Amino acid sequence: MCNAPHPKSDGPASPVKQRNDLLPWAVVVTAAVVIALMGAGAERWFGVGAVSGLLAGIACAWVSFQAARRNRGAAHVRELTSLSEESDTRVSSVIKQFEWAVNDVVKLKRDAERAQGAADALMDRSRERERYVKKLEKQIFELREQVAHHPQAVSNAPENMFDGPDRSHVPFRWALHIDGAKATLELETGVTLDRPSRVRIVDRDGQVTAVSGVPVLLADGGYGFTVEEPPIDLVSDLDARREPNYLIEALVQYEWKPTRLEDSGRRTRIVADNQGRFYRVADAADAAQVFASRPPRANLN
């Protein structure tokens with residue numbers, strides 16, 4: 001067994017092994033042998049038994065010591081193996097974390113380089129635009145000077161060709177669609193500065209008789225409205241090209257403006273073929289004759 005250092009000693013343990021633990025066993029064995037040799041009778045047998053017991057105890061102690069030594073060596077090996085595996089695991093974890101950190105740094109550096117390149121490109125574009133804007137300003141200034149030195153003739157043409165000289169009225173082209181005893185007034189406006197959102201029909205007393213639905217965007221950029229079941233007198237007057245007794249107004253930016261109507265010449269109706277399919281065809285029937293038997297409608301508040 002190894003000689004452990006004294007607990008109160010500050011010095012390091014000596015590497016030389018001192019087997020002082022065998023001294024008591026040697027003294028006891030020597031005394032037993034002497035008693036066995038010098039004694040007579042029962043004393044000799046007592047010495048022989050003591051020597052035999054000591055030898056058996058020494059053998060058992062030696063066997064126990066060897067087994068404990070082997071167990072301690074195996075435990076030491078297992079502990080070293082466990083510590084080695086744990087250290088390898090920690091080293092591999094540290095290496096992985098380092099690799100991840102390096103990858104993150106490389107990625108951030110790459111992103112920073114891309115952002116810097118994009119910023120430089122945007123700065124170059126902004127400088128080019130500034131130069132282009134300054135060039136345009138210079139050209140505009142030169143054109144203004146030329147216009148100031150060479151005045152042009154005053155033109156009487158209207159600003160908006162579709163709107164015409166009267167900017168207070170919203171122009172519409174109207175058409176009539178007849179489905180049996182039901183009529184629909186269709187209104188279309190071209191490309192204009194006014195963007196109407198609703199159309200309504202008002203009689204001479206200021207009562208609202210009909211309101212259109214939401215506008216439909218046409219292929220030419222204009223807006224289309226449909227008024228279901230308009231007043232019969234209005235349809236008859238429009239079809240006969242007489243001055244109607246109703247006022248058609250368009251809602252433009254929360255303001256109802258009067259309209260200027262133009263006949264598109266389109267009259268349509270619904271017909272069915274032998275297979276029950278419906279078609280919309282042109283019809284030049286007189287609206288006054290179609291709606292002669294219809295009763296008048298009630299006004300809307």
Side-chain angles (χ1 to χ4, degrees), residues 158-272 277-301:
E159 297 180 358
N160 195 336
M161 299 301 295
F162 186 81
D163 291 346
D166 189 2
R167 300 292 296 275
S168 62
H169 289 70
V170 182
F172 280 98
R173 292 184 297 270
W174 67 273
L176 190 62
H177 175 68
I178 301 174
D179 184 8
K182 179 181 177 181
T184 301
L185 182 62
E186 299 177 349
L187 300 173
E188 297 180 0
T189 179
V191 180
T192 177
L193 297 178
D194 299 326
R195 295 182 179 179
S197 58
R198 286 290 192 281
V199 175
R200 69 178 182 181
I201 300 175
V202 184
D203 59 6
R204 294 293 183 179
D205 298 331
Q207 299 292 331
V208 179
T209 60
V211 181
S212 69
V214 295
V216 178
L217 184 62
L218 303 178
D220 58 353
Y223 297 91
F225 299 87
T226 57
V227 181
E228 300 290 342
E229 299 185 7
I232 301 175
D233 298 340
L234 174 62
V235 175
S236 301
D237 293 340
L238 291 176
D239 190 61
R241 297 184 180 181
R242 295 191 300 265
E243 185 68 21
N245 293 325
Y246 294 85
L247 181 62
I248 300 178
E249 296 178 339
L251 181 61
V252 179
Q253 295 181 357
Y254 306 102
E255 180 184 359
W256 291 100
K257 291 186 176 182
T259 60
R260 185 176 66 253
L261 300 179
E262 179 183 354
D263 189 3
S264 63
R266 186 173 68 253
R267 307 291 187 272
T268 58
R269 64 186 178 91
I270 297 295
V271 296
R277 293 176 296 185
F278 293 93
Y279 295 93
R280 186 171 182 174
V281 298
D283 188 11
D286 190 3
Q289 297 178 1
V290 174
F291 302 107
S293 61
R294 287 188 55 185
R297 293 181 56 199
N299 296 332
L300 299 177
N301 293 328

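Values reported hereafter were calculated over all heavy atoms of this structure, with side chains retained and with hydrogens, waters and symmetry mates removed. None of the values given here were measured: they were computed from a predicted structure.
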> For Glu228 and Thr184, does a side-chain donor sit closer than 3.5 Å to a side-chain acceptor?
Replying inline: yes

>> Rounded at 0.5 Å granularity, tell me how far CD in Glu243 sits from CG in Leu238.
In response: 9.5 Å

>> Is it the case that the side chain of Ser264 and the backbone of Trp174 share a donor-acceptor pair, with hydrogens and angles ignored and the cut-off at 3.5 Å?
In response: yes

>> Going by side chain to side chain contact (heavy atoms under 4.5 Å, CB included), Ile248 matches just one of Leu234, Val227, Val202, Val170. Which one?
In response: Leu234

>> For Asp263, give me all partners under side-chain hydrogen bond (donor to acceptor under 3.5 Å, both in side chains), at least two apart in sequence or on another chain.
In response: Arg267

>> My understanding is that only residues two or more places apart in sequence, or in another chain, count here; which of them pass salt bridge (Lys or Arg N to Asp or Glu O under 4.0 Å) with Asp233?
In response: none

> Counting only N and O atoms by type, is there a donor-acceptor contact under 3.5 Å from the side chain of Asp203 to the main-chain atoms of Asp205?
Replying inline: yes

>> The criterion is side-chain contact (heavy atoms from CB on, under 4.5 Å); which residues satisfy it with Arg242, sequence neighbours excluded?
In response: Ser236, Asp237, Ala240

>> If you compare all heavy atoms of Pro215 against all heavy atoms of Pro196, which two are closest, and at what distance to 0.1 Å?
In response: CG-O, 4.1 Å

>> So, using side-chain contact (heavy atoms from CB on, under 4.5 Å) as the criterion, who are the partners of Ser197 when residues are at least two apart?
In response: Leu251

>> Could you check whether any side-chain N or O of Thr259 sits under 3.5 Å from a backbone N or O of Ala250, counting only pairs where one atom can act as donor and the other as acceptor?
In response: no

>> Rounded to the nearest 0.5 Å, what separates atom OG1 in Thr189 from atom CZ in Phe172?
In response: 5.0 Å

